[in-house]
Amino acid sequence: MSEAPEVKPAESTTPTLAPRGLEGVAVAETRIGDVRGEEGFYHYRGYDATELARHCSFEQVWHLLLIGELPNARELRWLQDQAVAGRALPGGVSTALDDIARLPGYTALGALRTAVSLSAAALNLQPTLDLTPDQVRADALRMVALTPVLLMRLHRVHQGLAPIDPDPSLGYAAAYLQMLTGERPGPEAARALEQYMILTMDHGFNSSTFTARVITSTGSDMGSALTGAIGALAGPLHGGAPSRALDMLDAIGTPERAEEHLRDEVKGGQRLMGFGHRVYKTDDPRSVLLHEVARGLGGPQVEFAEHVEATALRVLSELKPGRRLYTNVEFYSGVVMNTVGLSRDMFTPTFACSRTVGWTSAVAEQASNNRLIRPSAIYVGPPAPRPLPEGYAYA
Ligand code: ACO
């Protein structure tokens, strides 16, 4: 039997075990923004995010998050120019993009993740460790500008349609819809989508943002951080389920059926989609504004959604008293995106596009004051070192 080598215990003290899911643990300092769940408030660099969504354009808030301040007219023009120039496809990717769009297991988000990685490789994005802060921000601008172009090209080719180049005279949200249909969107639809996108650019130290930071902490490049962040967003516990609230409306079908359907669901132990939140224990501020946006768009689905919401809140307070369950961002997000013409498979990818602003801002902040993120774990397996089983040999 082989004699196990004697391993001396490490000199360092045993690490303390953080709560599962790192709940309540602060792992960084940030100047980008924060969420205050008890108050129903979140902000971007100190400004109430819902106020920004009411009064600013996508590009203004993009400048705020990435550069640090709301832009003056000259700074805004600079960002708009960068944003339009950054929409150009990198050389050599168009055929590969079309191949991705025709893959048998195509999903819009999986294809986008692959296309982001492909584009970053084509652009030869360099490790953030080797870049100046200005160079990191240039990569950030390029990738935020490019991501919706990749998504819309994949989407159209997947449907057997010709891709549509973005109209340089349109801002981020309007061009998004124009690349989808080929037509200039109406101002109400473009503004509704723009407000949705501003509201979802960032939201505290969420899982995908943390993922982007961990990747950046190794000194890796912007493309790797974004690819990883999209992977984290793909999970149903994070961004992978905004169409489920709309599916619930479909399952209810008519206003008269709402009460019975919702009661049966809750009594049967099911979760009502679009209600409850880990952090918000009062109204989710995104849901409040998206409700207003949906109302502004109008249409029968909005009235039906309002009826279902009111019924759901009543049912939840009766059957789940004291749990503080309110409408969350997903309930009216689906209604807004559906009304502006996005299909359900495009909901999470649309969320991914707006969130690139938050992710790239987090990458820039991490790179500017970096320390490798390398936590520990408590080993709970069989006592180590273990001797190899007797006679066990190379085979
Ligand atoms: N419908 C019915 N009951 C609910 C709901 C809901 N939507 N949400 C929570 N509850 C109940 C739970 O059953 C539990 O009841 P119990 O005490 O009788 O066991 C109690 O409220 C507390 O639930 P937790 O699981 O501890 O709440 P948690 O904070 O972990 O969950 C979550 C938050 C996952 C969002 C949950 O509310 C949920 O599943 N909602 C529905 C799915 C949804 O809308 N997801 C999108 C969230 S928004 C976003 O993440 C971007």
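What's counted below: heavy atoms across the whole structure, side chains too, no hydrogens, waters or symmetry copies. Read the numbers this way: they start at 1 and go in the same order the structure lists the ligands and their atoms.
For an aromatic pair to be called close, the ring centres must be under 6.0 Å apart, and H203 with F351 fails this.
Between Y172 and W62, the ring planes lie perpendicular to each other; the angle is over 60°, past the 30° to 60° tilted range.
The shortest N or O to N or O distance between R323 and ligand 1 is below 3.5 Å. An N or O contact shorter than 3.5 Å links R278 to ligand 1 by distance. Not one N or O of L237 is nearer than 3.5 Å to an N or O of ligand 1, by distance alone. The N/O atoms of V266, backbone and side chain alike, include none that comes under 3.5 Å of an N/O atom in ligand 1. Among the atoms of G274, some N or O lies under 3.5 angstrom from an N or O of ligand 1.
For atom 35 (C) of ligand 1, the choice among G276, S333, A312, G269 with the nearest heavy atom turns out to be G276. The closest non-hydrogen atom to atom 24 (P) of ligand 1, taken over R271, M273, K320, comes from R271. Closest heavy-atom approach to atom 9 (C) of ligand 1 within the set L325, L319, L262, D284: this belongs to L325.
With a 6.0 Å radius and a threshold of 12 heavy atoms from other residues, nucleotides or ligands, R295 has its CZ atom at or below the threshold.
Distance CG/L65 to CE/M201: 6.5 Å, rounded to 0.5 Å.
Residue-ligand proximity, E330 to ligand 1, at heavy-atom distances under 4.0 Å covers atoms 46 (C), 48 (S), 51 (C).
Counting heavy atoms from C-beta on, the side chains of L262 and M248 come closer than 4.5 Å.
In the hydrophobic clustering of this structure, L180 groups with L112; members are Ile, Leu, Val, Met, Phe, Trp, Tyr whose side-chain heavy atoms approach within less than 4.5 Å, directly or through other members.
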Item checked: Audit row: R45, E69, salt bridge (charged side-chain N to carboxylate O under 4.0 Å, His left out) steps and yes/no -> CA-CA 8 Å; R45 298 203 182 266; E69 290 297 340; over 6 Å; no
